[in-house]
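Working notes for the structure below.
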Amino acid sequence: MARFLPLSQAVSENLHDGDSVAFEGFTHLIPTAAAHEAIRQGFRDLTLIRMTPDVVYDQMIGMGMARKLVFSYAGNPGVGLLRRLRDAVENGFPNALEIEEHSHAAMANAYEAGAAGMPCAVFRGYRGAELARVNPNIRFIECPFTGEELAAVPALRPDVAFIHAQKADRRGNVLVEGIVGIQKEAVLAARRAVATVEEVVEDFDDQHPNLTILPHWTITAISVVPGGAHPSYAHGYYARDNAAYLEWDKVAADRDVFRDWMDRNVFQARVEDFEQRVEKLRVAG
Amino acid sequence: MARFLPLSQAVSENLHDGDSVAFEGFTHLIPTAAAHEAIRQGFRDLTLIRMTPDVVYDQMIGMGMARKLVFSYAGNPGVGLLRRLRDAVENGFPNALEIEEHSHAAMANAYEAGAAGMPCAVFRGYRGAELARVNPNIRFIECPFTGEELAAVPALRPDVAFIHAQKADRRGNVLVEGIVGIQKEAVLAARRAVATVEEVVEDFDDQHPNLTILPHWTITAISVVPGGAHPSYAHGYYARDNAAYLEWDKVAADRDVFRDWMDRNVFQARVEDFEQRVEKLRVAG
Amino acid sequence: MTGADFTPNEMMTIAASRALGNDDVCFVGIGAPSAACNIARLTHAPDITLIYESGTIGTAPDVLPLSIGDGELCDTALTTVPVPEMFRYWLQGGRITIGFLGAAQIDRFGNINTTVVGEYEHPRVRLPGGGGAPEIASSSQEVYVTLAQSRRAMVEKIDFFTSFGHGEGGDHRQRLGIDTRGPTLLITDLAIWRPDPQTKEFTVVSLHPGVRREMVQETCGWTVRFAERVEETPPPTEQELSILRDLKARTEAAHKGR
Amino acid sequence: MTGADFTPNEMMTIAASRALGNDDVCFVGIGAPSAACNIARLTHAPDITLIYESGTIGTAPDVLPLSIGDGELCDTALTTVPVPEMFRYWLQGGRITIGFLGAAQIDRFGNINTTVVGEYEHPRVRLPGGGGAPEIASSSQEVYVTLAQSRRAMVEKIDFFTSFGHGEGGDHRQRLGIDTRGPTLLITDLAIWRPDPQTKEFTVVSLHPGVRREMVQETCGWTVRFAERVEETPPPTEQELSILRDLKARTEAAHKGR
């Protein structure tokens, strides 16, 4: 049953050192505010799970919070590489990072399997792809009817998932719209789920009947954080801050510049700052 | 690429004797008009596929059109048994009917697998259930990670699927709303797909971004048949004619009453009659 | 009978409704289960989550649906999802606290048959089949069953294992690798039954007002076990009865009206 | 160069766009593929269906997205679906006529590496990884690849098989049970390449205006094969160029603006 909590409490109650955690969002609705709160609280030894680890995972890895990364595309989308991640993988700085690497199809199927309570996902994939050689969590089974070889990966079941969504209603049901990505699956696959939202509305009675709504009994905690997805975006609220993604490439290129940026923009910042960061990006409406 | 055709042509071009065919609809949006057109055209030797064969399949079976039925719940929902189906299974009248019986979970997964291009569906099912003994298309495989025994069924790939939907746009994209059931999966799993729709609109630009829309290149033919789902219903257009379902129980109970009813309501009827049948069931709007 | 002004069927529905709580997430079978679940919602459990296999989550119909996919269910639901998602994320995902089933035939271990009377290949009566029930029975955290007693329905040996209950009793479920609790409650028009903790045989724990033990045995095809201490089911309250009757009246009017 | 007023990169994008038709359903990779697909849509193929892995189907962005999930893609799409559905129903379902990929490294058989430079366990450069590419390469009916030529990108032997092209050539795909056509077209900033029907080795079939064979060889890490008859790629038309430049200008302004 969803409880409405301040973000600091929602994070401290649901994330612990050593957890496997998914801050999900497929370009859209990335839970940056929750990730920054986790960084301020200084968790260690995390297994970070995400299809598209981008800036927030680059930041967590750069801060030495991650023991392992499970992922399928580790880039700053449209910009380039993740330089803190590279530093960890190539140089072990600030610490060595174990990686479990998949394709998008595999990760999407693995989240789906987690949401569906399955032990594994079965799909047609990895044919001729070398990841199957280096990742022991990629196996193959035979279709019992055709004999076709199919790929299998373990279901993803994070200890906790964080998502950002547009709206909660007063009972704690959560609405996700636009590029819905993998958020519903991440929430349903996880043992605990925390949602940050742009706003709270009375109910969803006036909404279309087939929208992506997570019932309140699938969510552990909700925090209201307007702008909480910046520099990604919230469909219907504010646009993507593409300039910030371009800027990140320079920030992350240098260890000292990175630490300085983190001090100023994360450690000395507050949850409330997100609202102001999206002010100029607001969608006319 | 969807072509707009009169229903008689859409049916005659896409359904053939001996085909496997799914007239899908989960209580809502049952493509009755298309089924009645198929009955008028007198196809034989069909393999009828549907999770919930109800009145229209009772009619087709009663008319001797079916060789085989693949299904998971063969009832008149909330009313009782399907009496023409019973007559075929119990007495071989008007002809013997081969049956392949599944659970809903298996059929839903099998359509999903068909839509996803998979040879089979894998799920946690049939544990302790006797259908696995009588249906050779239910098999079990082992999860390659946990060793858990999981059920597998072949993907459903009908030769042709018929659905009824609320709207098409002028390019032939098709919108389904409300209880969307298994229609999207049936269309994507089938080699050919025919949709009857309540109306044609200019485009779907003003619609919510996450609706169930089948792109025009997934649909073979579209026929505009207002009321075409009667006695089931079309969310936003007209209500379910529950009285007709109650009445069917009496009609189907007797072979002669059934034939007489079919003569009057199908063979001597026209596609255009559906519009009039739903007149009193129209939703205030 | 004691002369109380309620029918056994009304008692059954109301007794079943009392077993449900506000925090339950119910996968609702059509018929008697649907009435019980909605009475719970309209009385002591207004926040109960009702899910129908047509994909409607958190529905609150004003009249009982005739089918599992009536428009009323979608109109009043929190959201409506595709059927594959319903069976994968919501049922198989383990989120259903109570799967609520009816039965054409049931045995003392809560195994259910809704497939055939007679042999599968040459049935005397071809019933509708399992629908959602085989996986509702195995994937719901626990299962409640409700049906009116009769020797035709409550049998020594069911003709077909549509849905697995406790099998041959004892730890049969665990031996098959089924990790959910299975049937934990049977509510008939005469009594409330719970499985014996060891044998898993359904045992009468409460008789409805005015019901004698012989009446339960006469309408049951196996030798009935009674708990050491058998309670009397509290009769329906005025409020429960009037809410049930209003619901039935609204429903009947709605299903007849064209 | 002939002095024509277009860059090799513009020629590459426009040549790639010409290979796409109105009826194509394209799974669009970000970067060069995205530009080519949108130029096709804005010129000769207005009805082309563009799909991005973020779930947007039938999108028509006014500016090029920076990421595969920009808001513009959803705003202009016919519909936007969850990511698991995108990979299951739309890609794995065989509905994509052309998967359009870029590459960090490619070999003569169209095998692609976007994972690591160096050894996987101890990479010299850790690249982003495959993302959607491994299954785009195997599930799309055919695959087009576009990249700017360089000896670093076009190599004798790729460091990692992120996405399988024609493997070691010949019938290697079929031997692995892959029933799709694989890479059928490579468009660089200097030439158009097609696989040899037998060996599947990419072969230059057309040189862009002003490009000499030596230029192609100098920027390619393997010994280049030329078709018996090598065409000259028609130069960009006025219309193609102005549409491309307008799109790029709109895009640059949009990505910089806060």
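Values in this document were obtained by computation on a predicted structure and should not be read as measured data. Proteins get letters first, then strands, A, B, ... in listed order; numbering begins at 1 in each.
Cation-pi geometry between A:Arg84 and A:Phe258 is met: under 6.0 angstrom from the ring centre, within 45 degrees of the axis. Cation-pi geometry between A:Arg50 and A:Tyr57 is satisfied (NZ or CZ under 6.0 Å from the ring centre, within 45° of the ring normal).
Panel note: side chain A:Arg240, backbone A:Ala234; no donor-acceptor pair is recorded below 3.5 Å.
For chain D, the nearby parts of A:Ala105 are the backbone and the side chain; heavy atoms of each come within less than 4.5 Å. Using a 4.5 Å cut-off between heavy atoms, A:Leu131 contacts chain D through both its backbone and its side chain. Only the side chain of A:Met51 comes within less than 4.5 Å of a heavy atom in chain D; its backbone stays farther off. The part of D:Arg124 that comes within reach of chain A is its backbone (N, CA, C, O), which places non-hydrogen atoms under 4.5 angstrom from that chain. In this structure, chain A has a heavy atom under 4.5 Å from the side chain of D:Glu135, while its backbone stays farther away. Looking at D:Leu127, both its backbone and its side chain come within 4.5 Å of chain A, counting heavy atoms on both sides. With a 4.5 Å cut-off on non-hydrogen atoms, D:Val81 touches chain A through its backbone but not through its side chain. Of the atoms belonging to A:Leu85, not a single heavy atom falls under 4.5 Å from chain D. For D:Tyr120, the part lying near chain A is the side chain, with the backbone staying farther off; criterion is any non-hydrogen pair under 4.5 Å. Contacts between D:Phe87 and chain A at a heavy-atom distance below 4.5 Å involve the side chain alone, from C-beta outward. For a residue to count as touching a neighbouring chain, one of its non-hydrogen atoms must lie under 4.5 Å from one of that chain's; by this rule D:Glu53 touches chain A with backbone and side chain alike.
Salt bridge present: A:Glu100 and A:Lys68 bring a charged side-chain N and a carboxylate O closer than 4.0 Å. Between A:Glu149 and A:Arg127, no side-chain nitrogen of the basic residue sits less than 4.0 Å from a carboxylate oxygen of the acidic one, so the salt-bridge criterion is not met. A salt bridge between D:Lys157 and D:Asp107 is absent, with no side-chain N of the basic residue lying under 4.0 Å from a carboxylate O of the acidic one.
Counting heavy-atom pairs under 4.5 Å between each of D:Ile136, D:Leu73, D:Thr80, D:Val125 and chain A puts D:Val125 at the top. When each of D:His172, D:Glu72, D:Gln92 is checked for heavy-atom pairs under 4.5 Å with chain A, D:Gln92 comes out on top. When each of A:Val89, A:Ile179, A:Val180 is scored by its heavy-atom pairs under 4.5 Å with chain D, the top score falls to A:Ile179. Put simply, of D:Gly165, D:Ser138, D:Ser163, D:Pro134, the one with the most heavy-atom pairs under 4.5 Å next to chain A is D:Ser138. Contacts with chain D were tallied for A:Phe71, A:Tyr111, A:Tyr73; A:Tyr73 has the most, counting heavy-atom pairs under 4.5 Å. Heavy-atom pairs under 4.5 Å with chain A were tallied for D:Ser67, D:Gly129, D:Gly55; the largest tally goes to D:Ser67. When A:His28, A:Arg124, A:Glu112 are compared by the number of non-hydrogen pairs under 4.5 Å with chain D, A:Arg124 comes out ahead. With chain A as partner, the option from D:Thr114, D:Ile68, D:Leu91, D:Asn113 having the largest number of non-hydrogen pairs under 4.5 angstrom is D:Ile68. Among A:Asn76, A:Asn109, A:Val79, A:Asp54, the residue making the largest number of heavy-atom pairs under 4.5 Å with chain D is A:Asn109.
Ring centroid separation for the pair A:Tyr237 and A:His164 does not come in under the 6.0 Å cut-off. Between A:Tyr233 and A:Tyr238, the distance from one ring center to the other does not fall under 6.0 angstrom.
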Please assess D:Glu85 against D:Arg88 for the test salt bridge (Lys or Arg N to Asp or Glu O under 4.0 Å), listing each intermediate value before the final yes or no.
CA-CA 5 Å; D:Glu85 178 183 324; D:Arg88 287 184 68 81; over 6 Å; no

How far apart are the C-alpha atoms of A:Arg67 and A:Glu98, what are their side-chain angles, what is the distance that settles it, and do they pass the salt bridge (Lys or Arg N to Asp or Glu O under 4.0 Å) test?
CA-CA 6 Å; A:Arg67 182 182 69 75; A:Glu98 184 185 343; 3.2 Å; yes

Going through the checks in order, is the salt bridge (Lys or Arg N to Asp or Glu O under 4.0 Å) test met by A:Glu90 and D:Arg126?
CA-CA 7 Å; A:Glu90 296 169 15; D:Arg126 174 63 231 198; over 6 Å; no

Quick one: do A:Asp87 and A:Arg255 satisfy salt bridge (Lys or Arg N to Asp or Glu O under 4.0 Å)? Show the steps, please.
CA-CA 9 Å; A:Asp87 210 4; A:Arg255 294 176 185 175; 2.6 Å; yes

